[in-house]
Amino acid sequence: VNKQLVNTTCRSIQTMIEDIGDENLGTIPLNFPFKTIKLGFAVLEHKININKLSLQQLINVGNLFDFLDVTDDVFNTIKYKIKIETDKDIREKKKTRKELKSLNPNIQKDLTVNVTIKYLKHLISKKYPQEKKIIPGYDNSVNSVTFNHSGTHILVGCNVNASLPNFMLWNIADLNNITHQNIIGTPTPSILKTVKSAQFNDDDTFIATGSTDNVNNLMLWKVSEQMPFVNQVLEGHSAGVTTIAFNHQNNKLVSGSAGTENNLILWDITDTAHITHQSIQGEPIISHPDSINTVEFSPDDKYIISGCSGANNNLIIWNIEYLNHITSQELKGHPNSVNCAKITPNGDYIISCCSGNQNNLIIWDTKTRKKIKNIASHTNSINTLAISHNGTKYATGGEDGLIIIWDITNPYNITVDRLLTGHKDAVLSIAFSPDDTQLVSSSVGTENNFIVWNLVSEQEKLIKQLSTYTAEQVHF
């Protein structure tokens, strides 16, 4: 190991920057003394034994590895060594030595590629921070947000508030010039109260809304160029409607409500002039004992998933292929209320989330109906989730006000893609744009409660390009 190795890596980074064509990133700053970088490379290349490092050298190299996000095993080994050197308690020293012996560090012999790309990601992230547009105006919680299928408009439903109507359509084709339309017309108490859920059908010709209003709790709106939209009330629920979903053939609608009676209803909307409905119950007889929080059709429209409050029967699959013989199966795993459940676009997996901090995010196999993975995620309840249209990502929003985007390319090895921060209170709703380049989210409270995130910012474009580099291209 010598200065040439370090310089080679720095030249690799610089060449990649020039190749990407972003002069704004500038030259590579050395955040650590040259001696520390040289020593770190020596450890990575097995040119020097960790045991021969002094305490200060261990600390310096540990900080370098932490910055470059080097292999966990290597970093843990150094942390154990530092702990042994600094711990004054003899018993703790012995315990740490025992833990260190159990480690089998798989130190990579050639990390030039990884270190180069990690360093460049760091520079890009510093130069191009998260891109988000906070949309002001709502003075109360925003409960539901979703894109239309062309990605030009966002449908918003919220609590009753003084500043804006509680059911609006926002034109976001130009984020620098966002406009909105009042779908309802002149707000009157007889039309809508708090809107809990609002959805487009697959061809954007109809919108359905669920409201806490006991009278007009489920409404169907005909989309047109004229405002307000023509609407009709669907009568069947005895309590406020909390969640709704259209099927993919645009001839069915499923709705879930508060309470225990008629709380899950399937509507035939083939002919909107003669809409019929039936209460969903399965064989064996099974039903949700509490308010319904989430409903979703499978990609082939053959089954529905629904989740409810409480600890019993809180996640159910309903086979609706034969409407005169609906069957059902409970998925057991969540200890608390299931707040949201979604199905991947290929129909292979269900992702569900619940209240509390235990087993609050689970992946299920739709063929076996078995749980395949519990995911450690938010520190508290997860309120909502969304899956990207290409099926490679999903996003979760929690009581902690955070949004986490996950990589689900391999459902058995799910990793965090990124963390979005901006909401000041619990996140209530999230949705990906049709092309997956944007995410919209909403939250409780009066500040930062409606945000549009640009997922393919300049930062994302540059980082995405890094995945095309091979070892041969990085080593010069």
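To the nearest 0.5 angstrom, Ile305 atom CD1 is 7.5 Å from Ser352 atom OG. For the atom pair CD1 (Ile451) and OG (Ser441), the distance works out to 5.0 Å, reported to the nearest 0.5 Å. Taken from CD1 in Ile351 to OG1 in Thr396, the straight-line distance is 9.5 Å, to the nearest 0.5 Å. Taken to the nearest 0.5 Å, the NZ atom of Lys373 stands 10.0 Å off from the OH atom of Tyr412. The SG atom of Cys340 sits 7.5 Å away from atom CD1 of Ile430, with the distance rounded to the nearest 0.5 Å. With rounding to the nearest 0.5 Å, the separation of NZ in Lys332 from NZ in Lys370 is 10.5 Å.
Between Ile414 and Thr409 the shortest side-chain heavy-atom distance does not fall below 4.5 Å. For the pair Thr152 and Phe147, the minimum side-chain heavy-atom distance is 4.5 Å or more. Taking the side chain as every heavy atom from C-beta outward, Val142 and Leu428 never approach each other to under 4.5 Å. Side-chain contact between Trp267 and Leu234 is present, with heavy atoms from C-beta onward closer than 4.5 Å. Looking only at side-chain heavy atoms (C-beta outward), Asn454 and Val452 stay at 4.5 Å or farther from each other. The shortest distance between side-chain heavy atoms of His389 and Asp435 does not fall below 4.5 Å. Contact check for Thr209 versus Met219: side-chain heavy atoms found under the 4.5 Å cut-off. In this structure, the side chains of Val223 and Ile207 come closer than 4.5 Å at one or more pairs of heavy atoms.
Of the candidates Phe450, Tyr138, Trp170, Trp170 is the only one forming a ring-ring contact (aromatic ring centres under 6.0 Å, His included) with His180. For the side-chain hydrogen bond (donor to acceptor under 3.5 Å, both in side chains) criterion with Ser355, the lone passing option out of Asn360, Asn339, Asn314 is Asn339. The only option from Asp365, Ile372, Ile317, Thr344 that meets the side chain to side chain contact (heavy atoms under 4.5 Å, CB included) definition with Ile350 turns out to be Ile317.
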One pair to check against side chain to side chain contact (heavy atoms under 4.5 Å, CB included): Ile280 and Ile304. What are the steps and the verdict? CA-CA 10 Å; Ile280 298 179; Ile304 292 169; 4.1 Å; yes
If you apply the rule side chain to side chain contact (heavy atoms under 4.5 Å, CB included), what do you find for Thr243 with Lys196, and how did you get there? CA-CA 7 Å; Thr243 179; Lys196 298 294 288 185; over 6 Å; no
Determine whether Ile154 and Val156 satisfy the following criterion, side chain to side chain contact (heavy atoms under 4.5 Å, CB included), listing intermediate values before the conclusion. CA-CA 6 Å; Ile154 295 174; Val156 177; 3.9 Å; yes
Chi angles and distances behind the salt bridge (charged side-chain N to carboxylate O under 4.0 Å, His left out) call for Asp348, Lys367: CA-CA 7 Å; Asp348 290 344; Lys367 294 183 178 64; 3.1 Å; yes
Given side chain to side chain contact (heavy atoms under 4.5 Å, CB included), test Asp300 with His248 step by step and report yes or no. CA-CA 8 Å; Asp300 59 8; His248 303 284; over 6 Å; no
Output, in order, the C-alpha distance, side-chain angles, deciding distance and verdict of side chain to side chain donor-acceptor pair (under 3.5 Å) for His237 and Asn217. CA-CA 7 Å; His237 288 287; Asn217 51 24; over 6 Å; no
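At a threshold of 4.0 Å, the pair Asp301-Lys252 does not count as salt-bridged, since none of the basic side-chain nitrogens sits closer than that to a carboxylate oxygen.
No hydrogens or angles considered: a donor-acceptor pair under 3.5 Å links the side chains of Asp204 and His149.
For the pair Asn182 and Phe167, the tightest heavy-atom approach, listed with the atom from each and the gap, is OD1-O, 4.1 Å. Contact record, Asn383 with Glu399: ND2-OE2, 3.0 Å, taken as the closest heavy-atom pair. Counting all heavy atoms, side chain and backbone alike, Thr194 lies closest to Asn143 at CG2-ND2, 3.4 Å. Nearest heavy-atom pair, Ser144 versus Ser442, reported as atom, atom and distance to 0.1 Å: N-OG, 4.2 Å. Taking every heavy atom of both residues into account, Arg369 and Trp364 meet most closely at O-CE3, 4.5 Å. Of all non-hydrogen atoms in Thr146 and Ala431, the two that sit nearest each other are CA-CB, 4.0 Å.
Judged purely by atom type and a 3.5 angstrom limit, Thr366 uses its side chain to pair as donor or acceptor with the backbone of Gly347. At distances below 3.5 Å, not a single donor-acceptor pair connects side-chain atoms of Asp425 with backbone N or O atoms of Gly401. Looking only at distances, no side-chain donor or acceptor of Thr446 sits under 3.5 Å from a matching main-chain atom of Asp139. A donor-acceptor pair under 3.5 Å is formed between the side chain of Ser141 and the backbone N or O of Gly445. In terms of modelled atom types and a separation under 3.5 Å, the side chain of Ser381 and the main chain of Gly356 share a donor-acceptor contact. Without hydrogens or angle criteria, Asn263 side chain to Asp290 main chain gives a donor-acceptor distance under 3.5 Å. A distance-only check finds a donor-acceptor pair linking the side chain of His423 to the backbone of Asn448 [under 3.5 Å]. The backbone N or O of Ala173 lies less than 3.5 Å from a partner atom in the side chain of Asn171, making a donor-acceptor pair. Under the 3.5 Å distance criterion, the side-chain polar atoms of Ser433 are left unmatched by any main-chain donor or acceptor of Leu439. Judged by distance alone, the side chain of Asn247 and the main-chain N or O of Leu253 form no donor-acceptor pair under 3.5 Å.
In this structure, Tyr394 and Trp406 have parallel ring planes: the angle between them is below the 30° cut-off, well short of the 60° mark. The aromatic rings of Trp318 and His288 sit perpendicular to each other, their planes meeting at more than 60°, with 30° as the lower class boundary.
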